[in-house]
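Worksheet: one structure, shown below.
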Amino acid sequence: MKITSYGVNAVNAYKNQVRNVKSGDNKATFADKIEISKTAQEMQGVSTYSAERAERVQQLKEGIASGDYKVNARQVAEDMLKYYRF
């Protein structure tokens, strides 16, 4: 019994496949590109967030240490209900 392989050697996973590029003035290069959305670019520009957060945390720590920090129990309960209902 003879087994012939028709077209099996057309794709070789161990060799780079050749890409056909149309010749012209612009030589096309094949490279990965990344595009960042406008929203992501705006988010990158907000660097004051960490400073504002650190300041707020420091205020809360001082309020708790001095005993001036009061918790609004009604607001906590409402937020918990919203969280567990949805």
Side-chain angles (χ1 to χ4, degrees):
M1 171 196 258
K2 183 176 180 183
I3 300 174
T4 57
S5 58
Y6 292 107
V8 173
N9 295 330
V11 177
N12 187 346
Y14 299 105
K15 291 185 179 179
N16 289 335
Q17 299 295 317
V18 178
R19 294 184 183 184
N20 295 329
V21 179
K22 295 179 182 177
S23 61
D25 293 338
N26 295 336
K27 296 214 176 201
T29 59
F30 296 99
D32 293 334
K33 289 200 299 189
I34 185 168
E35 294 181 13
I36 300 175
S37 68
K38 295 288 184 187
T39 306
Q41 289 175 355
E42 291 172 2
M43 289 175 68
Q44 285 180 341
V46 180
S47 62
T48 60
Y49 174 74
S50 60
E52 292 173 358
R53 181 172 172 80
E55 182 181 336
R56 176 69 178 142
V57 168
Q58 186 61 33
Q59 289 175 353
L60 290 172
K61 285 182 180 180
E62 290 172 0
I64 291 169
S66 67
D68 294 334
Y69 182 72
K70 303 290 184 210
V71 177
N72 184 350
R74 180 176 293 279
Q75 185 64 40
V76 171
E78 287 175 3
D79 289 343
M80 287 176 66
L81 284 173
K82 284 180 188 175
Y83 177 78
Y84 286 109
R85 284 186 181 165
F86 297 112

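No hydrogens, no waters, no symmetry mates; every other heavy atom, side chains included, goes into these values.
- Put simply, Ile64 and Val57 are part of two different groups of oily side chains (I, L, V, M, F, W, Y) that touch within less than 4.5 Å, one to the next.
- Looking at Arg56 and Glu52, their side chains never come closer than 4.5 Å, going by heavy atoms from C-beta outward.
- Here OG1 of Thr39 is found 9.0 Å from CD of Gln41. Values are rounded to the nearest 0.5 Å.
- In this structure, CD in Gln58 is found 6.0 Å from NZ in Lys61, a value given to the nearest 0.5 Å.
- Partners of Arg74 under the side chain to side chain contact (heavy atoms under 4.5 Å, CB included) rule, at least two apart in sequence or in another chain, are Asn72, Glu78.
- By the criterion of side-chain heavy atoms lying less than 4.5 angstrom apart, applied directly or through intervening Ile, Leu, Val, Met, Phe, Trp or Tyr residues, Val76 is not grouped with Tyr84; the two fall into different hydrophobic clusters.
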